[in-house]
Number of protein chains: 2
Amino acid sequence: MLNDKIPDIIISRLPQYLRALNWLEMDGKQTTSSQELADHLGISAAQIRKDLSQFGGFGKQGMGYSIPYLTKELRKILHVDHNWEVALVGVGQLGIAIANYQGFQGRGFNIVMGFDSDPGKIGKKYGNLTVQPIAGMDVAIKNAGIVIAMITVPAGQAQDIADRLVKAEVKTILNYAPINLMVPQGIRMRVIDPVIELQRMTYYLE
Amino acid sequence: MLNDKIPDIIISRLPQYLRALNWLEMDGKQTTSSQELADHLGISAAQIRKDLSQFGGFGKQGMGYSIPYLTKELRKILHVDHNWEVALVGVGQLGIAIANYQGFQGRGFNIVMGFDSDPGKIGKKYGNLTVQPIAGMDVAIKNAGIVIAMITVPAGQAQDIADRLVKAEVKTILNYAPINLMVPQGIRMRVIDPVIELQRMTYYLE
DNA sequence: TAGATTGTTAATCGATTAACAATC
DNA sequence: TAGATTGTTAATCGATTAACAATC
């Protein structure tokens, strides 16, 4: 069972469960049920139970799920039971906002390196990072063993940066430039593009 | 055929087609094929043809698709053949970065109103907006007939803001706070949460 | 005409749901 | 024990793919 390949569509829901659990815990709750999670997430209770059962039995019949326990298990499954060091490429207005954003803390990520091509920015500190020259990026990332990077450079430069990151042995890229970057097999890339989200919704407007 | 309800999973791919077409056009291309789009997007060519055929025959056998024509038709389908006025609630570091972001222009959105509770920010200009006091938000949005809003306030305030936006007759909310907001039936809400995207990928890391 | 690529059908594949025995 | 809720199976539902006739 655990050796079966779990479909990505199931994996994509686990972080949502984790976020909902976090929220319930802050509400002071100790336990929850598949039904309560379903109400919060707009997903059926059956599906939540089925998803979780791919990884083991985390609940107790009649009782539901312990929030701290299920949280811990989900964090293990998603490999966020420790913090990953993350590099940020492009320390413009958006990059600075991301570096200062508190929401990564405690959810598995720590942005510890930032790179920019503007000499005026070198040495400045935002959150946990100090801006370094982009020329030294490849070596710095490789030496630090960093495997996760966020791209916040203009769209025209994003593919070039992605290519360099892949050479520096980065395996996971979160891309804020609104283009589909080409990356080799084995490299995971996701795009954050607010316009895509908006356009998905305007279809339903008059 | 056109009267059938189109599944949301198909709608969710149309903005991606639009973005890929945009990119091909900037490369100087005049026409494309389902295969070329497939290569760019990591989606099968058959699926792209099937998706598009839900809305009509936009291609020509042997020739492929005219990029300007298909772009125009997709923009019509998604209702982004004109610009929507958008309100931004919370003009902090992230809000300012979004207001100044050029990527909305020409893709159907114009952020024309911004609200913040900090008196020191009132009257400041970012992109196409001037910051207004959040106390007047409800009336201002309703009077302007704005139906799309972005929430960039801290997580603890986001639900309250969402409730107020719904009362002001906003129909579509893009939420940057990392929580699942509760909104009534008929209101569309999507969350932008970079941590969710990262956690989906760390599952595949060692 | 020959070659290419669409639009569409039927077959396959996979995901979701309903239902309930197991059990806390 | 009675009530509640899980974990799991089987049935349903829906989405994707393969294949090809239509046609530019």
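Within every chain, numbering begins at 1; the chains are lettered A, B, ... in the order of the sequence lines, protein sequences first and strands thereafter. Note: hydrogens, waters and symmetry copies are ignored here, and every other heavy atom, side chains too, is used.
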Residue that, paired with [X], satisfies side-chain contact (heavy atoms from CB on, under 4.5 Å) out of [options]:
{"X": "A/Val89", "options": "A/Leu165, A/Val170, A/Thr152", "result": "A/Leu165"}
{"X": "A/Leu18", "options": "A/Arg75, A/Arg13, A/Glu73", "result": "A/Arg75"}
{"X": "B/Gln16", "options": "B/Leu41, B/Leu21, B/Leu37", "result": "B/Leu41"}

Mind checking whether A/His82 and A/Trp84 have parallel, tilted or perpendicular rings, split at 30° and 60°?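 The arrangement is tilted - the two ring planes meet at 30° to 60°.
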Classify the angle between the aromatic ring planes of B/Tyr203 and A/His79 as parallel (below 30°), tilted (30 to 60°) or perpendicular (above 60°). parallel
Is DNA chain C part of any stem, that is, at least 3 consecutive Watson-Crick or G-U pairs with both distances under 3.5 Å, and where?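 Output for stems: C:3-24 with D:3-24.
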Segment of DNA chain C, first to last nucleotide, that comes within the 4.0 Å heavy-atom reach of chain B: C/dA4 to C/dT9
Residue pair [X] / [Y], side-chain donor-acceptor N/O under 3.5 Å:
{"X": "A/Arg19", "Y": "B/Asn180", "result": "yes"}
{"X": "A/Gln47", "Y": "A/Asp51", "result": "no"}
{"X": "A/Asp163", "Y": "A/Gln159", "result": "yes"}

Heavy atom of residues 7-31 of chain A under 4.0 Å from DNA chain C: which residues? A/Pro7, A/Ile9, A/Arg13
Between A/Thr31 and A/Glu36, what is the shortest heavy-atom contact and its length?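 So the two residues come closest at O-OE1, 4.0 Å.
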Contacting residues from residues 34-44 of chain B, given that a heavy atom lies under 4.0 angstrom of DNA chain D: B/Ser44
Got a sec, which residues hit side chain to side chain donor-acceptor pair (under 3.5 Å) with A/Gln93, two or more places apart in sequence or on another chain? B/Asn100
Can you sort out the partners of A/Tyr204 under side chain to side chain donor-acceptor pair (under 3.5 Å), two or more places apart, ordered by chain and number? B/Asp8
Is it the case that more than 12 heavy atoms not belonging to B/Gln105 sit under 6.0 Å from its CD atom?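 Counting other residues, nucleotides and ligands, CD of B/Gln105 exceeds 12 neighbours.
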Upstream residue (5' side of DNA chain C) when B/Lys60 and A/Ala46 are each assigned their closest nucleotide: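 That would be B/Lys60.
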